[in-house]
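I have placed the structure first, in the form of structure tokens, so that the comments after it can refer back to it.
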Amino acid sequence: MKVDRVAILDWSTAGKPRLGKDSIWLGIVDSAGVTAENLPTRSEAEARLETLIAETLAGGQRLLLGVDFNLGHPAGFARHLTGEARAQAVWAWLAARVVDGPDNAHNLPHVAAEANAAFPGQGPFWGNARKADIPGLPRTRSGLPEGLAAAREAETAATGPGARPKSVWQLSGAGAVGAQGLMGMAMVHRLRARFAGQLAVWPFEPTDAAVTVAEVYPSMLSAECKALCAANPAMAMDEAQVRLLAQALYALSAQGDLTALMDPSQDADFIAEEGWILGAGHQMELRRAVPATQEPPRLRDDCFAMPQGVDWVPVDDALNRLRAALKPITMQETCPTTQAAGRVLAAECLARRSNPPRPNSAVDGYGFAHAATGEGPQRLPLVDGRAAAGQPFDGTVPQGAAIRILTGAILPDGVDTVVLEEDTANDGAAVVFDGPVKPRANTRKAGEDVTQSALALPMGHRLRAPDLALLSALGVPEVQAFRPLRVGVLSTGDEIIAAPDLPALPHQIWDANRPMLLTLAQNWGYQAVDLGHARDDPEAIAARLNDGAARADVILTSGGASAGDEDHVSALLRARGALSSWRIALKPGRPLALALWGGTPVFGLPGNPVAALVCALIFARPAFSLMAGAGWLTPQGFTVPAAFTKSKKPGRREYLRARLNTDGAAEVFASEGSGRISGLSWADGLVELPDEAMDVAPGTPVKYLPYSSLGVV
Ligand code: AMP
Ligand code: MG
């Protein structure tokens, strides 16, 4: 099926005219683009739909109209109410009774009460929010009539396993959807009559008419809608839903993939009464069809600018400036949970189901009702059967009886307490133990770990192994994540030989920085992109930076970053990359060159491997974390006694290559020479000495940052 236009209707049962949140929205997509309209009343919405349909027909076009209310009820309802096992009979029944005024005043609760009266005993509908009681419409949930299910097949398929669909029997109160369906069906009946032969309702009728009406389920795109709302704070969720759903269905239609979404078991018997939800069981196809509305986020051209007259910047000021200048710069995507290790969440993750979903047993033992037990020896006859994990016990355990129960088993009806096997004796017919036992002993409450819809993990969280356990346990099949940050690494310098398997003359040195920085990027969880080595030649460096801007989100260079004659990286970035050279009061250091090359941030590190490592750990690491979406990082340090002596001058912060000795005191590398690469390997971390002067003697408390807290693995 291919259409020229898709419209999505977000319906409302408001009793008064209403705009904005929770009102009626209509999203329309065609070749002209996407629009969203907000309509204050149902009668205005119906008139708008009539115009839309008439225009479509006049233009010889085809329209798919998705409605977010149910078009059927669980099997058995239609036949019982109307004598016909067809949803269309229910629509006609409703259209003959529902009165819906131009001011949105309606008689729905009375119509529902009349439907209830068709059933022996209590009918299925419940929920009366009005002041006056309505005979036949209970205020709270009561049992369902014999043979009627709580939900339709399609709802279960649309919400996915585990999550409970909202009940079409509930007419008012939080999460009620039933009244929307009843009023919507009456309207669909009128549209069908008005455009007879030109409008068909899927899947009840063949879809060869010019206009197809189908039920849709906007929460299938809830992650995408949330992201759209986050990017457009003024947009109501309802508006985001009608826009994105219309766009996704329009895109699928254009690709010729709409039909694939319309193939439920349409010949199944229940379809004629229950209908189906467009896209149920195809959630991923639908989500993938949502157009990429996000622009890749860009940094401002002047984000690294340093105010005039600032000379030596203290480390903390530099960090604060960097933090304020940056923001996440990678796009977002949906990612299956099983493949999400190391990913950073771009939206919060909510529990799809409580953990545990139902109360269960924490031990192997015997379950019973606590109320039937007391003090002293207890003897409870055993019922036949047992409850085990994955093998629930179907029956009810009578008061005063007990059942064999194993760890993880759902507590059967009649059981609220479990006694540990080791505390019992068992003669085959009964279990014997000493009372009293605490009520609910050895049981786990439903949701005691996490309740359904609760926040499981916050935005910005980087997923580790235990997080995958949590998300899987909560039934979260995929997450909204930032794409992994791509870190390009470039070495510069005429003296540098790219790799140790190449020959080097005495005046040449092998590239030490690039393997170190590429590995660091990987250690930090990013995609390392090797940009190779460039000679001290502006065109060669520019070519590598162009390559980096195309293949990476951020570029790390080393060498040539100062302001001297041979500092070709800073010269080039000054001429063509909005360079800002930050003179940071730091040893080992020298200027940190910050620039944007074609919009891609460049962190120019000193060439000296010791300084390059320290600057990468202290500046690049938190900055990259922020740009990757995971927020700023402050390394966790520990105060330990010094095992060295040093008289430190004021005016700059110092980082010393250090490790802990067997007494837990920090010893430092014998030389502070910045060419002493061996000291980096000798060390297990850094000692951080403050900006001020400090006299360190053995035993003086100093701050130690282990490599592990700096992401050096
Ligand atoms: P520069 O920052 O270019 O002035 O370089 C400072 C010192 O670091 C010089 O001794 C360079 O030879 C050295 N150096 C620069 N790049 C590297 C590198 N990739 N590997 C090892 N040493 C380097
Ligand atoms: Mg150089």
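In each ligand, atom 1 is the first atom listed, and ligand 1 is the first ligand listed. No experiment lies behind these values; they were computed from the predicted model shown.
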Step-by-step side-chain hydrogen bond (donor to acceptor under 3.5 Å, both in side chains) determination, Asn608 to Ser674: CA-CA 7 Å; Asn608 221 298; Ser674 61; 3.2 Å; yes
Ligand-side contact atoms (ligand 1) for residue partner Pro609, heavy atom cut-off under 4.0 Å: 21 (C), 22 (N)
Per-atom contacts, ligand 1 versus Asp511 - under 4.0 Å to a heavy atom: 18 (C), 19 (N), 20 (N)
Asn608: numbered ligand 1 atoms lying under 4.0 Å from its heavy atoms: 6 (C), 7 (C), 8 (O)
Location of contacts on Ser491 toward ligand 1, heavy atoms closer than 4.0 Å: side chain
Check ion pair Asp547-Arg544 (N to O, under 4.0 angstrom): no
Enclosure of Asp301 CG (heavy-atom neighbours >12, cutoff 6.0 Å): no
Contact (N/O only, under 3.5 Å) between Arg514 and ligand 1: no
Ligand-side contact atoms (ligand 1) for residue partner Glu495, heavy atom cut-off under 4.0 Å: 11 (C), 12 (O)
Salt bridge present between Glu688 and Lys648 (N-O < 4.0 angstrom): no
Heavy-atom side-chain proximity of Val610 to Tyr655 below 4.5 angstrom: no
Ala512 N/O to ligand 1 N/O under 3.5 Å: yes
Side-chain donor or acceptor of Thr492 paired with backbone N/O of Ala534 under 3.5 Å: no
Per-atom contacts, ligand 1 versus Ile509 - under 4.0 Å to a heavy atom: 12 (O), 21 (C), 22 (N), 23 (C)
Among Gly559, Gly607, Ala612, Gly560, closest by any non-hydrogen atom to atom 23 (C) of ligand 1: Gly607
Under 3.5 Å donor-acceptor, Arg653 side chain and Ala585 backbone: no
